[in-house]
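Please read the structure below before turning to the comments.
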Number of protein chains: 2
Amino acid sequence: MKREMVERPYKEVVDVLKRCGLRPTRQRMALAKLLRDAGDCHLTAEELHARAADAGHRISLATIYNALHQFTEAGLVREIVVDSGCSYFDTNVSDHHHFFFEDRRELKDIDHGDVVISAVPEPPEGATVERVDVVIRVRSS
Amino acid sequence: MKREMVERPYKEVVDVLKRCGLRPTRQRMALAKLLRDAGDCHLTAEELHARAADAGHRISLATIYNALHQFTEAGLVREIVVDSGCSYFDTNVSDHHHFFFEDRRELKDIDHGDVVISAVPEPPEGATVERVDVVIRVRSS
DNA sequence: TCAATAGTTTAGAATAATTCTAAACCACTT
DNA sequence: AAGTGGTTTAGAATTATTCTAAACTATTGA
Ligand SMILES: [Mn+2]
Ligand SMILES: [Mn+2]
Ligand SMILES: [Zn+2]
Ligand SMILES: [Zn+2]
């Protein structure tokens, strides 16, 4: 019973990982749980690494990168490129756009529906639209 | 007269540079001219470096980066971040958006007006909108 | 015309994010 | 319990970019 209270929260992430065809290893379970419990946010690999460390998990950066890419592939997180120099991983995988605070280098979600794109051009022949990213770059002033 | 035919094209870029408060050095003139003559396109620092070399200019990469940042500051080019790992510099500084071909890692302009954003949210208090970037990510398939 | 000055260029080292390597490790099957 | 094949890891490698400090040059005004 003591054991169960601690272990239960893992059940879900284990299932998610299995559904994605990823072995539920110690590291992937820890990371998947951290990401799920983090709520909607935008993390760099380094930040996730730090959070894992804070939670008592000693996971190599290589593994963090591996997991983030696998999770991206599986649709558990979404990679956002706004800053030449580092990638952000978004735990909110629903369709939404972003403010980017250039001075703080931070992303903030824009509620779906607050940006309306009323005309999107056809992609060129043989190309298929993967995603439409809208980033509103702002500076404090 | 022989001389003039070769030199005249530089007159404009010299003026542009002066207007921007940048000394018209040999390197900056060469780069400004290359960029102006390139037509609308999206270049990486390396690509511009290669074009300079092709045109017979031996300019260090550090200078390419310096110039591109100064030109960006001055509004002569626009920096676009779509690809974690490298920046693109757009010689088309008019208001427009982009397709990004993820496999080729190439940008393509979308005519102004082909993307209509009919609702843009207010930025948070104290933040001022710098720019709205729309990137339509496509893959060939 | 010629310094003096301040801005510019440069090679090469340094940095930072990310990827690679190859050996140790461990999840899952049998 | 052993075999297997995927996984993790430390550390080296890679890549784009920035930094450093010395050499260079555009500009100015004597
Ligand atoms: Mn970062
Ligand atoms: Mn590149
Ligand atoms: Zn988001
Ligand atoms: Zn463009």
Side-chain angles (χ1 to χ4, degrees), chain A residues 7 10-11 13-32 34 42-50 52-53 56-74 77 79-89 105-107, chain B residues 7 10-11 13-32 34 42-50 52-53 56-74 76-77 79-89 102 105-107:
Chain A
E7 304 263 301
Y10 276 100
K11 177 77 167 59
V13 303
V14 169
D15 290 344
V16 170
L17 290 173
K18 280 183 178 159
R19 224 175 295 125
C20 299
L22 296 169
R23 277 194 191 172
T25 62
R26 193 157 65 273
Q27 295 81 342
R28 290 209 271 236
M29 288 189 290
L31 295 176
L34 277 174
H42 311 93
L43 298 170
T44 64
E46 285 288 358
E47 283 161 1
L48 180 58
H49 189 237
H57 305 287
R58 198 161 47 275
I59 303 177
S60 81
L61 251 187
T63 297
I64 302 277
Y65 277 106
N66 287 342
L68 283 172
H69 289 145
Q70 292 153 351
F71 292 178
T72 299
E73 192 72 17
V77 298
E79 186 173 0
I80 301 183
V81 180
V82 275
D83 190 359
S84 166
C86 81
S87 283
Y88 295 83
F89 293 87
R105 305 177 121 212
E106 256 178 51
L107 285 161
Chain B
E7 305 262 300
Y10 276 101
K11 176 75 167 59
V13 302
V14 170
D15 290 344
V16 169
L17 290 174
K18 281 182 178 161
R19 223 176 297 125
C20 298
L22 296 169
R23 279 194 191 174
T25 62
R26 195 158 64 273
Q27 295 82 340
R28 289 208 273 237
M29 288 189 290
L31 295 176
L34 277 173
H42 311 93
L43 298 171
T44 63
E46 285 287 359
E47 282 161 2
L48 180 56
H49 189 237
H57 305 287
R58 198 160 50 276
I59 302 178
S60 81
L61 250 187
T63 297
I64 303 278
Y65 277 105
N66 287 342
L68 283 171
H69 289 143
Q70 292 153 351
F71 292 179
T72 299
E73 191 73 15
L76 301 179
V77 299
E79 186 171 359
I80 301 184
V81 180
V82 275
D83 190 359
S84 167
C86 80
S87 284
Y88 295 83
F89 294 87
E102 305 212 89
R105 305 179 120 210
E106 256 178 49
L107 286 161

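Letters A, B, ... mirror the listed sequences (proteins, then strands); counts begin at 1.
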Query raised in the report: Do B:Phe89 and B:His69 have side chains that get closer than 4.5 Å, going by heavy atoms?
Result: yes
Requested in this report: Nearest whole angstrom, please: distance from the P of D:dT7 to the NZ of A:Lys18.
Outcome: 14 Å
**Report entry** Straight-line distance of A:Arg58 CZ to A:Arg26 CZ, nearest 0.5 Å
**Finding:** 9.5 Å
Query raised in the report: side chain to side chain contact (heavy atoms under 4.5 Å, CB included) between A:Tyr88 and A:Glu106: does it pass, once the steps are laid out?
Result: CA-CA 9 Å; A:Tyr88 295 83; A:Glu106 256 178 51; over 6 Å; no
Report task. Find the distance B:Gln27:CD to C:dG7:C1' and express it as a whole number of Å. Result -> 12 Å
Requested in this report: Quickly work out the B:Glu46 CD to D:dT14 P distance and round it to whole Å.
Outcome: 16 Å
Query raised in the report: For C:dT18, does OP1 or OP2 lie under 4.0 Å from any side-chain N or O of A:His69?
Result: no
**Report entry** Contact under 4.0 Å: A:Arg26 side-chain N or O vs C:dA27 OP1/OP2
**Finding:** yes
Query - Phosphate contact (C:dT18 OP1 or OP2) by A:Ser87 side-chain N/O below 4.0 Å - result: yes
Query raised in the report: Think A:Thr63 has a side-chain N or O under 4.0 angstrom from the OP1 or OP2 of D:dT8?
Result: no
**Report entry** Nearest-nucleotide 5' precedence on DNA chain C, B:Ile59 against B:Arg23
**Finding:** B:Arg23
Requested in this report: Kindly determine whether A:Asp15 and A:Lys11 satisfy salt bridge (charged side-chain N to carboxylate O under 4.0 Å, His left out), including the steps that lead there.
Outcome: CA-CA 6 Å; A:Asp15 290 344; A:Lys11 177 77 167 59; 2.9 Å; yes
Requested in this report: Using atom types as modelled and distance alone, determine if a side-chain donor or acceptor of A:His49 lies under 3.5 Å from a backbone N or O of A:Ser60.
Outcome: no
Report task. Specify the separation, in whole Å, of atom CG of B:Asn66 and atom P of D:dA16. Result -> 18 Å
Report task. Using whole Å, report how far CZ of B:Arg28 lies from C1' of C:dT10. Result -> 14 Å
Report summary line: Winner on side-chain proximity to A:Ala62, out of D:dA10, C:dT18, C:dT8, is D:dA10
Report summary line: In whole angstroms, the gap separating P of C:dG7 from CG of B:Leu17 amounts to 17 Å
Report task. Under 4.0 Å between any heavy atoms, over every strand shown, what does A:His49 touch: base, sugar-phosphate, or nothing? Just pick one. Result -> nothing
Query - Atom pair distance, as rounded to whole Å: CE in B:Met29 and P in C:dT9 - result: 10 Å
Query raised in the report: Does B:Tyr65 or A:Thr25 map to a spot on DNA chain D nearer the 5' end, using the closest nucleotide for each?
Result: A:Thr25
Requested in this report: Grab the CG-P distance between A:Leu61 and D:dT7 for me, whole Å please.
Outcome: 19 Å
